[in-house]
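I'd like to ask you about the structure that follows.
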Amino acid sequence: MMNIGQVLLGKPILFHRPELGQPLEAKCNLLWSMPTRETTVSAPGKVLIAGGYLVLDPAYTGLVLATNARFYTNVSSSTRIGHKPLIRVRSPQFKEAEWIYACELPGVYETSPVEAANAFKLRQLGNDNLFVALSLLYGIHVAFEQLGASNVCTTLSNGLDIVIAGDNDYYSHRVDGRAPSHAQLQALEPFASHACTLGEVHKTGLGSSAAMTTSLVAALLLHLNAITVSVEDDGQLTTRSLGLVHNVAQLAHCAAQGKVGSGFDISASVWGHQLYRRFDPALIKDLMYPEVGSRIVTSQENISHEKRPLLALLPILDPRNPLWVPAPPPSATTTAIEGLAMLRTGTEEARKARPAPLPLPPGVRMCLADVDTGSNTRTMVGRVSDWRRQNPIWADQLYKIIASSNQSLADGLLQLHMAYVNDSSNYTHVLEGLSHLPSKEWDLHLKSDLSPVYEIFVSVRNAMRSIRAGMRELGLRSGAPVEPPEMSQLLDTTINGAPGILGGGIPGAGGYDAMFLLFLDPASLTASAPSQPMHLPEDVCDLWLTYRDLSVGPLLCGSDDITSSYVASLKDRQEDVLSYISRVWAHAPVGLHVVSSSEVPGLERVLRSNS
């Protein structure tokens with residue numbers, strides 16, 4: 001008996017699903033052969049290092065870093081015989097991770113694009129995955145509106161084969177509860193397989209669902225020709241295309257979660273490092289119709305032909321819609337980073353579409369730990385929201401205190417960028433000296449050297465300390481374990497026990513899932529170093545290896561370094577410091593990458609496995 005997706009070279013074969021009681025050919029009259037055109041897009045994960053809970057309110061911002069751990073989606077068209085196209089989505093890293101949908105295409109190609117989009121339906125055959133199904137539904141819906149029924153139906157008539165793969169750092173690789181060492185993680189093959197289902201795997205809190213959704217939406221839209229790449233930008237997506245991917249992915253992700261979240265995870269997957277301010281939730285909420293049982297049905301259900309109002313997504317999700325530009329309420333003010341973003345060169349549309357970039361300064365790197373104890377983010381957010389609603393005056397005061405610390409961190413990071421651009425030699429000298437000292441000893445060093453650069457590093461360290469203090473108070477008041485005592489002890493032991501640690505914290509909503517550190521890495525201040533794999537500080541690895549109160553292990557990923565962008569153009573700088581920084585940030589790569597699968601180590605093996 002053949003499995004779905006088996007392909008014999010040059011010979012189309014019959015798919016069989018025993019749980020349906022008959023071959024799929026009888027259900028769909030479809031035979032597949034080798035895939036033809038391929039599209040591959042990757043999206044990064046996220047780490048919210050400042051702004052947990054506050055990012056739900058547009059009055060406040062959050063500082064989010066994109067990781068260099070990425071999700072990849074490969075979409076290929078397949079020739080077929082028959083008239084009922086299938087979309088097969090699989091994740092070969094897991095057991096039973098295959099989701100198959102029969103496409104119910106519009107019956108009359110001459111219908112309007114909006115009518116065609118609403119007539120399109122997915123019939124689910126077998127396992128369900130709401131994130132996948134809604135990404136497909138909304139992506140194809142928008143393509144219908146954008147391109148018209150004939151173009152989309154032509155592409156879909158061949159069927160699609162989609163493969164999704166996530167870098168190893170998205171999942172815990174513990175054996176019998178023991179965390180692997182740094183060397184053991186490096187020894188894993190790329191996209192390592194797991195002896196469990198996707199629902200059973202332990203995740204590390206890097207935003208896997210958002211990165212997967214974003215890469216899937218982007219690869220699908222690009223494969224359908226609903227978005228375009230720029231010839232002048234190494235074949236990467238245009239700004240307008242990135243904006244459309246962002247908006248469609250936000251809708252799919254929110255609808256799958258059943259609520260409108262903060263959205264910073266999708267934003268990081270599309271745009272990369274940034275100072276994030278939330279869009280108006282009403283933009284998404286008004287589009288979240290119940291699709292399961294209506295346009296997404298199981299093989300046993302009859303597709304409902306009950307008429308409902310036509311849903312036009314494109315007018316709302318179009319990146320030119322000004323409502324997508326986050327605006328602080330009158331009670332809040334635009335930050336320095338957001339103001340700097342407006343200095344960027346390019347079109348007005350590009351300036352408005354992309355959030356304010358904020359990468360880590362040169363020589364400052366991020367590393368992460370997998371704690372693998374587990375937290376329920378939704379429960380924690382609910383507790384904090386309830387407390388804020390019941391104690392508005394005290395909550396408002398505490399939020400403003402935390403927001404002030406968050407702003408101090410963002411301003412301090414910008415000042416470090418400026419210090420590097422002004423005098424990279426002095427900056428490197430200071431960073432080198434501090435990298436050999438625990439941060440608790442930096443104040444003593446400052447007394448003997450009054451360099452302004454020392455003062456900036458100390459102010460950033462102090463801002464990170466203040467953020468942690470504010471988040472602990474928020475947890476204490478609300479009853480949510482935002483920074484539990486066990487995690488506080490782990491952070492303090494690491495930061496005080498290893499040299500060169502600028503600070504750290506528990507990303508996002510907090511809890512026990514993970515922790516991050518920002519550390520000084522003088523070796524990365526060379527032109528070639530940022531392209532090399534990041535190595536965790538040995539002192540940190542040694543501390544975690546012997547730590548006994550919690551099971552803590554390293555992750556291999558960090559965040560992309562911007563140093564090479566500065567090094568390549570610093571000598572030719574002609575404009576003032578802030579304009580130069582704004583230009584470098586504007587031209588730095590965004591989160592989403594269009595890639596060739598052959599250039600990603602291990603990805604070709606995953607694409608061909610069980611194909």
| field | S404 side-chain N/O to K400 backbone N/O, donor-acceptor pair under 3.5 Å | value |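 No; judged by distance alone, with no hydrogens or angles, the pair does not exist.
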| said: Counting C-beta onward and ignoring hydrogens, is there a side-chain heavy-atom pair between L368 and L206 closer than 4.5 Å? | reply: yes
| request: Could you grab the distance from atom OG1 of T494 to atom CG of D539, nearest 0.5 Å is fine? | output: 11.0 Å
| task | Quick one: closest heavy-atom pair of I506 and A514, and the distance? | result |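 Minimum heavy-atom separation between I506 and A514: CG2-O, 3.4 Å.
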| said: Using only atom types and a distance under 3.5 Å, with no angle test, would you say the side chain of S582 pairs donor to acceptor with the backbone of S579? | reply: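 Checked: no pair found.
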| field | Neighbour count >12 (heavy atoms, 6.0 Å) for atom NZ, K259 | value |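 Check passes, neighbour count above 12.
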| request: To the nearest 0.5 Å, tell me how far R383 CZ sits from S385 OG. | output: 12.5 Å
| field | Main-chain N/O of Y170 paired to T204 side chain as donor or acceptor, under 3.5 Å | value |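 Yes: the side chain of T204 pairs with the backbone of Y170.
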| task | Measure from the side-chain N and O atoms of R365 to the backbone N and O of D521, and report whether any donor-acceptor pair falls under 3.5 Å. | result | no
| task | Please examine the side chains of Y566 and H417, heavy atoms only from C-beta on, and report whether any two atoms are closer than 4.5 Å. | result | yes
| field | Check ion pair D386-R389 (N to O, under 4.0 angstrom) | value |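 Yes, D386 and R389 are salt-bridged.
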| query | In Å and rounded to the nearest 0.5 Å, what is the OG1 to CG distance from T214 to L592? | reply | 6.5 Å
| task | For residues V540 and F519, determine if any side-chain heavy atom of one lies less than 4.5 Å from a side-chain heavy atom of the other. | result |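 No, too far: nothing below the 4.5 Å cut-off.
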| Would you say D513's side chain and G205's backbone share a donor-acceptor pair under 3.5 angstrom? | no
| task | Mind checking the OG-CG spacing from S209 to L130? Nearest 0.5 Å is all I need. | result | 11.5 Å
| said: Contact between L550 and V371 at the side-chain level, heavy atoms closer than 4.5 Å - yes or no? | reply: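 With C-beta onward as the side chain, the pair touches.
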| Thinking salt bridges, do D492 and R468 make one under a 4.0 Å N-O criterion? | yes
| field | Nearest atoms (heavy-atom pairs only) where P44 meets G591 | value | CD-O, 3.2 Å
| Does any non-hydrogen side-chain atom of W387 lie less than 4.5 Å from one of L398? |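 Yes, their side chains come closer than 4.5 Å.
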| request: Check whether any side-chain heavy atom of R277 sits under 4.5 Å from a side-chain heavy atom of T61, and report yes or no. | output: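 Side-chain contact under 4.5 Å: yes.
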| message | Test your reading of the model: is there a side-chain donor-acceptor pair from H182 to the backbone of C541, 3.5 Å cut-off? | response | no
| query | Who are the side chain to side chain contact (heavy atoms under 4.5 Å, CB included) partners of S439, not counting sequence neighbours? | reply |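 For S439, the residues satisfying side chain to side chain contact (heavy atoms under 4.5 Å, CB included) (neighbours in sequence not counted) are W442, R461, I495.
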| remark: When rounded to the nearest 0.5 Å, the distance separating CG of L216 from CG of N129 is 9.5 Å
| query | Which word best sums up how the rings of F131 and H253 line up, parallel for under 30°, tilted for 30 to 60°, or perpendicular for over 60°? | reply |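 Taking H253 first and then F131, their aromatic rings sit tilted (interplane angle of 30° to 60°).
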| Between the side chain of D560 and the main-chain N/O of N68, is any donor-acceptor distance below 3.5 Å? |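 Between the backbone of N68 and the side chain of D560 there is no qualifying donor-acceptor contact (under 3.5 Å).
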| query | Is it true that a side-chain atom of S42 and a backbone atom of F71 form a donor plus acceptor pair closer than 3.5 Å? | reply | no
Can you list, pair by pair, the side-chain donor-acceptor contacts under 3.5 Å of residues 48-60, counting residues two or more places apart and other chains?
| residue | atom | partner | partner atom | Å |
| --- | --- | --- | --- | --- |
| Y53 | OH | A509 | O | 2.7 |
| D57 | OD1 | A59 | N | 2.9 |
| D57 | OD2 | R388 | NH2 | 3.0 |

| field | Closest approach of Y427 to P362 (non-hydrogen atoms, all atoms of both residues) | value | OH-O, 2.6 Å
| message | I want to check something: taking the side chain as every heavy atom from C-beta on, are L287 and L317 in contact at a cut-off of under 4.5 Å? | response | yes
| Are any side-chain N or O atoms of T67 and backbone N or O atoms of G45, one a donor and one an acceptor, separated by less than 3.5 Å? |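 Yes; judged by distance alone, with no hydrogens or angles, the pair exists.
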| Contact check, side chains of I401 and E473, non-hydrogen atoms, under 4.5 Å |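 Contact flag for I401/E473 side chains = no.
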| said: Using the rule given for side-chain hydrogen bond (donor to acceptor under 3.5 Å, both in side chains), can you reason through R174 versus S551, listing the C-alpha separation, both sets of side-chain angles and the distance that settles it, and then say yes or no? | reply: CA-CA 10 Å; R174 293 166 184 263; S551 174; 2.2 Å; yes
| said: Tell me if a side-chain donor or acceptor on R278 pairs with a main-chain N or O of G261 at a distance below 3.5 Å. | reply: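 Answer holds: yes.
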| request: Check the pair T428, E432 against side-chain hydrogen bond (donor to acceptor under 3.5 Å, both in side chains), reporting the backbone distance first and the verdict last. | output: CA-CA 6 Å; T428 301; E432 172 76 35; over 6 Å; no
| Hey, what's the ring geometry for H246 with W324, parallel, tilted or perpendicular (30° and 60° as the breaks)? | perpendicular
| request: Output the distance between atom CG (L543) and atom CD (E538), rounded to the nearest 0.5 Å. | output: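 Here the rounded value is 12.0 Å.
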